[in-house]
Protein chains: 2
Amino acid sequence: MLKAAAARKIEEAFEHAGVRRTPQRFFVLEHLLTRPDHATVEELWTALNKRHARASRATVYNTLHALVQAGLIREFTLDGKAARYDANLEQHHHFVCDRCGAVEDVEWFDVPAAQGAGNVRTYEVILRGECSRCR
Amino acid sequence: MLKAAAARKIEEAFEHAGVRRTPQRFFVLEHLLTRPDHATVEELWTALNKRHARASRATVYNTLHALVQAGLIREFTLDGKAARYDANLEQHHHFVCDRCGAVEDVEWFDVPAAQGAGNVRTYEVILRGECSRCR
DNA sequence: CTTAAATTAGAAACAGTTCTAAGATGGCGG
DNA sequence: CCGCCATCTTAGAACTGTTTCTAATTTAAG
């Protein structure tokens, strides 16, 4: 996809969701859409400051909350303490690296055994091992 | 199982693991063994204080670390921030209640699709829905 | 232009966990 | 049964990392 086209998509997403478009918000959403690394606030803030020197943490939090409310991204927590954000809205599982803690998406597959167990609304498989980079 | 017999089991576990037996440690392990509620430190501390008025949080932490090291319990974190402790050492999955946050064990079942995906060492299914109590 | 809404820096709140120094105690050897 | 001493417990302060708040300033968009 051309870069300009991707940018257009992001703008449309903002417009459609009724969220005001600011450079900071654009950057955050773009980062989440182009990198599947499930960034934490800390990571996004650091990345943002490489371009936008002097961004406030509060802005990152505000932006993420706005994007979650608009349904453009999802928040989740895994093991640790810091919330992580995911722009992949498709159903999927997660792979967590034992060594570096990186989180990768794993394409969805059904787990028939999971459905049977009572009042299950959703489920997810957490896979653990060493990621390709750490090996 | 008779209560006395259960108590004997716990004492044997301490002895075998070379962990000194104290009333606080006994209580914590007993609590984890008899209730499958995956208590947090906060919960254990509250429960402990109902009997042992004036127990220190540090003791709960020390005890849990000692029990983990001895291999008598396992630590894990789910969503939130606080660590949870589990005396069920068998492999199993977890069911989390959307409403009250309770965590229940779910008997193990294999997920063949999970094994295939790369360098997976372990995996676990997290099921979500409403627990029987909340319905 | 106007104005409601967003951004900023930094302080403050918050939760979970660890640390400290003083006092208590389990379990062994005698 | 007794005393010793390494180990454990205690209370509360301190620490760590995450998130929210504040009040002043800037900015997007009609």
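The aromatic rings of A:His31 and A:Phe27 sit tilted, their planes meeting at an angle between 30° and 60°.
The side chain of B:Tyr61 places an N or O atom within less than 4.0 Å of a non-bridging phosphate oxygen (OP1 or OP2) of C:dT17.
Counting non-hydrogen atoms under 4.0 angstrom, B:Ala58 reaches a base of the nucleic acid.
Checking C:dT18, D:dG12, C:dT17 against the side-chain heavy atoms of B:His65 singles out C:dT18 as nearest. With C:dA9, D:dT10, C:dT7 as the choices, the nucleotide that has an atom nearest any side-chain atom of A:Thr63 turns out to be C:dT7.
A donor N or O paired with an acceptor N or O is not found under 3.5 Å between the base of C:dA6 and the side-chain atoms of A:Thr59.
With salt bridges taken as basic N to acidic carboxylate O contacts below 4.0 Å, none links B:Glu130 and A:Arg121. Residues A:Glu75 and A:Arg84 are not paired through a salt bridge, judged by the lack of any N-O separation under 4.0 Å between the basic side chain and the carboxylate. Comment: B:Lys9 does not engage B:Glu12 in a salt bridge, judged by the lack of any side-chain N to carboxylate O separation of less than 4.0 angstrom.
The distance between atom CG of A:Leu64 and atom P of D:dT18, rounded to the nearest whole Å, is 14 Å. The separation between A:His52 atom NE2 and D:dT26 atom P is 16 Å, rounded to whole Å. Going from atom CG of B:Asn49 over to atom P of D:dG12 covers 12 Å, rounded to whole Å. Computed from coordinates, the A:Leu44 CG to C:dT7 P distance equals 14 Å when rounded to whole Å. Note: CD (B:Glu75) to C1' (C:dT17) measures 11 Å, nearest angstrom.
Both B:Ile73 and B:Ile10 belong to a common hydrophobic cluster when Ile, Leu, Val, Met, Phe, Trp and Tyr are linked at side-chain heavy-atom distances under 4.5 angstrom.
Contacts between residues 18-28 of chain A and DNA chain D, defined by a heavy-atom separation below 4.0 Å, involve A:Arg20, A:Arg21, A:Pro23, listed by number.
More than 12 heavy atoms of other residues, nucleotides or ligands lie within 6.0 Å of NE2 in A:His52, so this atom counts as buried by the packing criterion.
Comparing A:Lys81 and A:Val60 by the nucleotide of DNA chain C whose heavy atom lies nearest to each, the residue mapping closer to the 5' end is A:Val60.
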